[in-house]
Amino acid sequence: LIACTVELSDEEMIAIAKARTKILPRIDWGRPMVVDKHSLGGLPGSRVTMVVIPIVAAHGLMIPKTSSRAITSAAGTADAMEVIAKVDLTPEELKQCVAKANACIAWNGKLNHSVLDDAMNAITRPLGLDTRKWSVASILSKKYSAGATHVVIDIPYAEAGKVKSKADGIVLGQLFEMVGRELGLVVKAFATSGESPIGRGIGPSLEVRDVLQVLEQHPDAPSDLLEKSLFFASQILAMDPAVGTVEKGAEIAQRLLHSGAARQAMENIIQAQGSHDWPDLSGILKHPVYATQAGTVRQIDGFVISGLARMAGAPFDKLAGVDIVKPAGSTVHAGDLLYRIQSCDPALLSQTAKSAELDNGFRIT
């Protein structure tokens, strides 16, 4: 335990990663290039993966994506995707889905050796121990076993996050790239700001709404979600030898969005996994939260906002969450609507509203 959380050397980290790759046979997709994208998480909203995957699939690269459910956030990628599609796939179902759609966005619970992480997390999380080096070995060994050859890693940093600063994020990114090379993977890692949520919706259905608005180029689509998604899609497409540069990757990503090809690719993934009807919206209850002072929204505390969304019932209540009206950088007046809390449970909504009165998460100066 001490070795894994305090004194894990680079050589030990590489040894752990290599040992983990031997636990399960590696999936062979029959392609020379299989790409993947992973985020360390901790940033509310930020359903970047659900925009990137269909863009990359529409381009023709294979990108089988397995994701976790929420641990401390209002929604994991699997929780959000479950709003519109089945995510609890068997290994055989996942392979069939990827054969049909070039991609999947599935839950990883049945698909890898996460039992090791379950054992470690049960010890390290309650003690607040730093397991970032263990996580590097864990994440990359899973990517290897899943058959990936090229991986892009998003490392969000924030004072209240898992990674505290950009400098820490860069160092961690270098570790990912180094261990990736030792496993024979091409890994590119990027430290990104995680001080405020990405997108407007916090909670499964609200986050899916944001994703679909971006894919459908809706005028209300969150610009920050679009921008970050295009950045990561461009980086992945640039790994394709036929593309070669990030600039060309960006052009292709834009074209696939504007032509509707990315939206169609998402529909192909949904149908291949098994589509779900959108939840019944008639039971939603909403509570508005207003600004108590004028100024500029300097930061939205993701920890507070995510906590409110969970208090309202997310991710188990797919419709629960926080719908942000004034993103970071907005100018507001006293009495302006900042966001709406929504839930299907009146008692939870009332409790969450009281908590928001104590701290609404918006830092206005």
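In this text, all values refer to a predicted model and were calculated from it rather than measured experimentally. Index from 1, following the sequence. Side chains are part of it too, since the values below use all heavy atoms of this structure and drop only hydrogens, waters and symmetry mates.
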Legend entry - Heavy-atom side-chain proximity of Ile16 to Leu8 below 4.5 angstrom: yes

Inset, instruction - Start with the C-alpha distance between Lys354 and Leu358, add both sets of side-chain angles, then the distance that settles side-chain contact (heavy atoms from CB on, under 4.5 Å), and finish with yes or no. - result: CA-CA 7 Å; Lys354 288 175 182 173; Leu358 299 174; over 6 Å; no

Legend entry - Whether Gln273 side chain and Lys86 backbone form a donor-acceptor pair below 3.5 Å: yes

Legend entry - Nearest atoms (heavy-atom pairs only) where Lys318 meets Pro279: CB-CG, 4.4 Å

Legend entry - N/O donor-acceptor pair under 3.5 Å between Glu195 side chain and Glu159 backbone: yes

Inset, instruction - Take atom CD of Glu216 as the centre, draw a 6.0 Å sphere, and report whether it contains more than 12 heavy atoms from other residues, nucleotides or ligands. - result: yes

Legend entry - Neighbour count >12 (heavy atoms, 6.0 Å) for atom NE2, His333: no

Legend entry - Carboxylate-amine/guanidinium proximity below 4.0 Å for Glu267 and Arg263: yes

Inset, instruction - Could you tell me whether the side chain of Ser350 and the main chain of Pro346 form a donor-acceptor pair under 3.5 Å? - result: no

Legend entry - Any donor-acceptor N/O pair, Ser196 side chain to Gln299 backbone, under 3.5 Å: no

Legend entry - Leu230 CG to Lys228 NZ distance, which is reported to the nearest 0.5 Å: 13.0 Å

Legend entry - CG-CD1 distance between Leu206 and Ile324, expressed to the nearest 0.5 angstrom: 9.5 Å

Legend entry - Steps toward side chain to side chain donor-acceptor pair (under 3.5 Å) verdict (Thr49, Lys37): CA-CA 7 Å; Thr49 295; Lys37 183 244 172 215; 3.0 Å; yes

Legend entry - Contact check, side chains of Cys97 and Glu93, non-hydrogen atoms, under 4.5 Å: no

Inset, instruction - Report yes if some heavy atom in the side chain of Lys188 is under 4.5 Å from a heavy atom in the side chain of Met239; otherwise report no. - result: yes

If you look only at distance, which donor and acceptor atoms sit under 3.5 Å apart when one is on a side chain in residues 287-298 and the other is two or more places apart or in another chain?
{"unit_1": "Gln293", "atom_1": "NE2", "unit_2": "Ile364", "atom_2": "O", "d": "3.0"}
{"unit_1": "Arg298", "atom_1": "NE", "unit_2": "Thr365", "atom_2": "OG1", "d": "2.9"}

Legend entry - Check ion pair Arg69-Glu82 (N to O, under 4.0 angstrom): yes

Legend entry - Atom of Ala191, atom of Tyr157 and distance for their closest heavy-atom approach: C-CE2, 3.8 Å

Inset, instruction - Give a yes or no on whether the backbone of Val48 and the side-chain of Ser46 come within a donor-acceptor separation of less than 3.5 Å. - result: no

Inset, instruction - Look up atom OG in Ser138 and atom CE in Met13, then write down how far apart they are to the nearest 0.5 Å. - result: 12.5 Å

Inset, instruction - Check Ala314 against Gly203 and note the closest heavy-atom contact, atom names and distance. - result: CB-CA, 4.3 Å

Inset, instruction - For atom NZ of Lys166, decide whether the heavy atoms of other residues, nucleotides or ligands shown that lie under 6.0 angstrom number more than 12. - result: no

Legend entry - Sole candidate of Phe232, Phe231, Phe190 that passes side chain to side chain contact (heavy atoms under 4.5 Å, CB included) when paired with Asp154: Phe232

Inset, instruction - State yes or no: do Val87 and Leu212 share one hydrophobic cluster built from I, L, V, M, F, W and Y residues joined by side-chain heavy-atom distances below 4.5 Å, directly or via other members? - result: yes

Inset, instruction - Check whether Leu43 and Val304 end up in the same hydrophobic cluster, where Ile, Leu, Val, Met, Phe, Trp and Tyr are linked by side-chain heavy atoms less than 4.5 Å apart. - result: no

Inset, instruction - Find the distance between CG (Asp79) and OG (Ser73) and round it off to the nearest 0.5 Å. - result: 7.0 Å

Inset, instruction - Output yes when a side-chain donor or acceptor of Gln213 lies under 3.5 Å from a complementary backbone atom of Pro222, and no otherwise. - result: no

Legend entry - From CA spacing to verdict: side-chain contact (heavy atoms from CB on, under 4.5 Å), Met50, Thr77: CA-CA 8 Å; Met50 289 179 67; Thr77 298; 4.0 Å; yes

Inset, instruction - Indicate yes or no: at least one non-hydrogen side-chain atom of Arg26 is less than 4.5 angstrom from one of Thr21. - result: no

Legend entry - Non-hydrogen atoms of Leu94 and Ala106 that approach each other most closely: CD1-CB, 4.1 Å

Inset, instruction - Output yes when Arg209 and Asp323 qualify as a salt bridge under the 4.0 Å nitrogen-oxygen rule, no when they do not. - result: yes

Legend entry - Result of checking Thr352, Asp317, Leu285 against Ser343 for side chain to side chain contact (heavy atoms under 4.5 Å, CB included): Asp317

Inset, instruction - Decide yes or no for Gln235 and Val246: does some side-chain heavy atom of the first lie under 4.5 Å from some side-chain heavy atom of the second? - result: yes

Legend entry - Pairwise side-chain contact, Asp210 with Glu207, heavy-atom cut-off 4.5 Å (strictly under): no

Legend entry - Partner set under ring pair (Phe, Tyr, Trp, His ring centres under 6.0 Å) for Tyr339, not counting sequence neighbours: Phe362

Inset, instruction - With sequence neighbours excluded, tell me which residues meet ring pair (Phe, Tyr, Trp, His ring centres under 6.0 Å) with Tyr144. - result: none

Legend entry - Smallest separation among heavy atoms of Ser306 and Ala74, with atom names: OG-N, 3.3 Å

Legend entry - Heavy-atom side-chain proximity of Ser67 to Met81 below 4.5 angstrom: no

Legend entry - Nearest heavy atoms of Ala262 and Pro54, plus distance in Å: O-CB, 3.3 Å

Legend entry - Separation of Leu348 CG from Ile341 CD1 (nearest 0.5 Å): 11.5 Å

Inset, instruction - Say whether Leu183 and Met178 are linked into one hydrophobic cluster, either directly or through other cluster members, by side-chain heavy-atom distances under 4.5 angstrom. - result: yes

Legend entry - From Leu237 atom CG to His59 atom NE2, the distance as rounded to the nearest 0.5 Å: 5.5 Å

Legend entry - Expected output: side-chain Asn268 to main-chain Ala101 donor-acceptor under 3.5 Å: no

Inset, instruction - Begin from the C-alpha positions of Asn102 and Ile63 and carry the test side-chain contact (heavy atoms from CB on, under 4.5 Å) through to its verdict. - result: CA-CA 6 Å; Asn102 240 10; Ile63 184 162; over 6 Å; no

Legend entry - Pro327 backbone acceptor or donor facing Ser330 side chain under 3.5 Å: yes

Legend entry - Single-linkage hydrophobic cluster, 4.5 Å side-chain cutoff, Trp278 and Met266 together: yes

Legend entry - Exceeds 12 heavy-atom contacts within 6.0 angstrom, atom CG of Asp277: no

Inset, instruction - With the side chain counted from C-beta on, respond yes when Lys65 and His38 share a heavy-atom pair under 4.5 Å apart, and no when they do not. - result: yes

Legend entry - Same cluster (ILVMFWY, side-chain, under 4.5 Å), Ile155 and Val151: yes

Legend entry - Ile252/Asp240 under side-chain contact (heavy atoms from CB on, under 4.5 Å): CA gap, chis, key distance, verdict: CA-CA 12 Å; Ile252 294 170; Asp240 182 353; over 6 Å; no

